[in-house]
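In this chain, numbering begins with 1 at the start of the sequence shown.
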Amino acid sequence: MPDVSYGSEQIPLNDDRTPDSGCDAICIDADRIYDSCGAKDCLSDLPLMFTEANQALVENACSVRINRANVITSTVEVEPVAFHRGFYSVDMTFYFSVSCDVYSSNGALPTTVNGLAVYGKRVVLYGSDGSVKSFSSDKPVKCEKKDRDCSCSSANSVPKATVQISNPMALSAKLVNCKPCNSIPCRAIPDCVCDYFCGELIPCKKKQIAVTIGIFTITRLQRKVQIMIPSYDFCVPRKECCAKTDDPCEVFSKIEFPTDSFFPRKSEECEKHDKPFECNCEE
């Protein structure tokens, strides 16, 4: 779309329709992604923090085994990079809940404990620059503070950062000697994370658990922009909503007969379905 001066008139193409497409050209307000990056990180030897009851089990443990890990939440902060106009640093802090089996002696039944692992990461991405302030009727009145040193740090001029993270892969866990300086996070733990463990998290005394997990992340910077796109029609539902029945026999009657369970696949069919993916690309 060519640049035009403000207030000038744009001549529509084919009566506000894109050439030879039969669709309308409409303007929408959407988030445009200016820059993004993906990462595959193996987080090794992350120390775990536990509640007082679980930490007592760790202190008396002789071995541990990792079960699973999941993401509780993440904090994302965006700041402009000095002397690099249009570039921003994205600081991410991930909070993981890690479940481990703790063995008090050889041959004893394990006890499952949940602990907190914290990991911080920073990336630099291009997010363009803008000096406009946006106000909307659906948002409450919010005044800007007077003590801002630079107008470029206004919250309205900073792009929005979005981080996507896959479900962590629990790789390994081990018992190590306690290092209090490593077990305490550098920043305050959010209240929702403390509430997740239903108790106060304390530092270790003699022993602590160090875990290794793998994560995949995608980080992107985006801004609100007005862009023109082709529009075909409104998304009108074509399927009628049907009320579900509580009759179990009627629900069972809709299930297909499990033929594969009674007649296992032949070896030729297994090889056909289990063969690796082939590109079939022409060089």
Side-chain angles (χ1 to χ4, degrees), residues 39 41-61 63-79 89-104 109-123 138-142 145 155 158 160-220 222:
D41 298 315
C42 183
L43 316 180
S44 59
D45 296 339
L46 290 180
L48 296 184
M49 293 183 63
F50 298 94
T51 59
E52 184 175 1
N54 288 339
Q55 182 61 37
L57 296 174
V58 175
E59 297 290 345
N60 298 323
S63 63
V64 293
R65 183 183 65 179
I66 192 169
N67 280 336
R68 60 185 180 275
N70 65 284
V71 183
I72 303 174
T73 187
S74 174
T75 58
V76 184
E77 299 177 356
V78 182
E79 291 292 338
S89 63
V90 183
D91 294 298
M92 301 159 282
T93 304
F94 300 102
Y95 298 89
F96 303 97
S97 172
V98 183
S99 174
C100 296
D101 286 339
V102 176
Y103 296 86
S104 58
L109 295 176
T111 303
T112 302
V113 295
N114 292 324
L116 171 67
V118 182
Y119 172 71
K121 181 179 180 179
R122 169 179 290 184
V123 298
D138 60 348
K139 295 182 180 180
V141 177
K142 186 177 181 181
K145 296 181 180 180
V158 175
K160 182 178 71 173
T162 302
V163 180
Q164 293 177 300
I165 181 171
S166 64
N167 194 34
M169 298 180 61
L171 301 177
S172 67
K174 60 183 178 180
L175 276 175
V176 296
N177 294 327
C178 178
K179 299 179 180 180
C181 58
N182 294 336
S183 62
I184 302 176
C186 298
R187 61 177 62 193
I189 300 175
D191 294 337
C192 63
V193 176
C194 297
D195 296 340
Y196 183 89
F197 293 96
C198 302
E200 182 182 359
L201 300 173
I202 63 173
C204 60
K205 297 179 180 180
K206 296 181 180 180
K207 296 180 182 179
Q208 67 180 171
I209 299 178
V211 297
T212 300
I213 59 178
I215 60 173
F216 298 90
T217 57
I218 294 179
T219 309
R220 60 178 183 265
Q222 53 198 44

Residues C192 and T73: closest non-hydrogen pair is SG-CG2, 4.3 Å
Given side chains that start at C-beta, do those of N60 and S104 come closer than 4.5 Å, heavy atoms only? no
Min side-chain heavy-atom separation V58-L175 under 4.5 Å: yes
The side chain to side chain donor-acceptor pair (under 3.5 Å) partners of S99 (sequence neighbours excluded) come to N114
Value for CE (M49) from CD1 (I202), rounded to nearest 0.5 Å, stands at 8.0 Å
Check your understanding: Within a radius of less than 6.0 Å around CG of D195, do more than 12 heavy atoms belonging to other residues, nucleotides or ligands occur?
Key -> yes
Nearest heavy-atom approach of L201 to T51 is CD2-N, 3.8 Å
For R122, the side chain to side chain donor-acceptor pair (under 3.5 Å) test, sequence neighbours excluded, returns D91
Tell me, do I66 and T212 make a side-chain contact under 4.5 Å, heavy atoms counted?
no
- Task: Could you tell me whether the side chain of V71 reaches within less than 4.5 Å of the side chain of N167, counting heavy atoms only?
- Result: no
Taken to the nearest 0.5 Å, the spacing of E77 CD from S89 OG works out to 9.0 Å
dist F94:CZ -> I215:CD1 (nearest 0.5 Å) comes out at 5.5 Å
* Asked: Is the side chain of S74 donor-acceptor paired with the backbone N or O of T93 at a distance under 3.5 Å, no angle test?
  -> yes
Nearest heavy-atom approach of N67 to C100 is ND2-C, 4.1 Å
| said: Evaluate I209 against F50 for side chain to side chain contact (heavy atoms under 4.5 Å, CB included), listing each step before the verdict. | reply: CA-CA 10 Å; I209 299 178; F50 298 94; 3.8 Å; yes
Closest non-hydrogen contact found for A188 with Y95 is O-OH, 3.9 Å
query: Should F197 and S97 be marked as a side chain to side chain contact (heavy atoms under 4.5 Å, CB included) after you check the CA-CA gap, both sets of side-chain angles, and the distance that decides it?
result: CA-CA 9 Å; F197 293 96; S97 172; 4.1 Å; yes
In this structure, CE of M92 is separated from OG1 of T217 (nearest 0.5 Å) by 6.0 Å
Heavy-atom closest pair (A161 atom, V78 atom, distance to 0.1 Å) is CB-CG2, 3.4 Å
Begin from the C-alpha positions of L116 and I72 and carry the test side chain to side chain contact (heavy atoms under 4.5 Å, CB included) through to its verdict.
CA-CA 9 Å; L116 171 67; I72 303 174; 4.3 Å; yes
The side chain to side chain donor-acceptor pair (under 3.5 Å) partners of E59 (sequence neighbours excluded) come to Q55
Output for pair (L43 CG, F96 CZ), nearest 0.5 Å, gives 5.5 Å
Less than 4.5 Å apart, side chain to side chain, heavy atoms only: is that true for T112 and D101? yes
Tightest non-hydrogen contact, residues V176 and A210, listed as CG2-CB, 4.2 Å
Rounding to 0.5 Å, atoms CZ (F216) and CG (D41) come to a distance of 9.5 Å
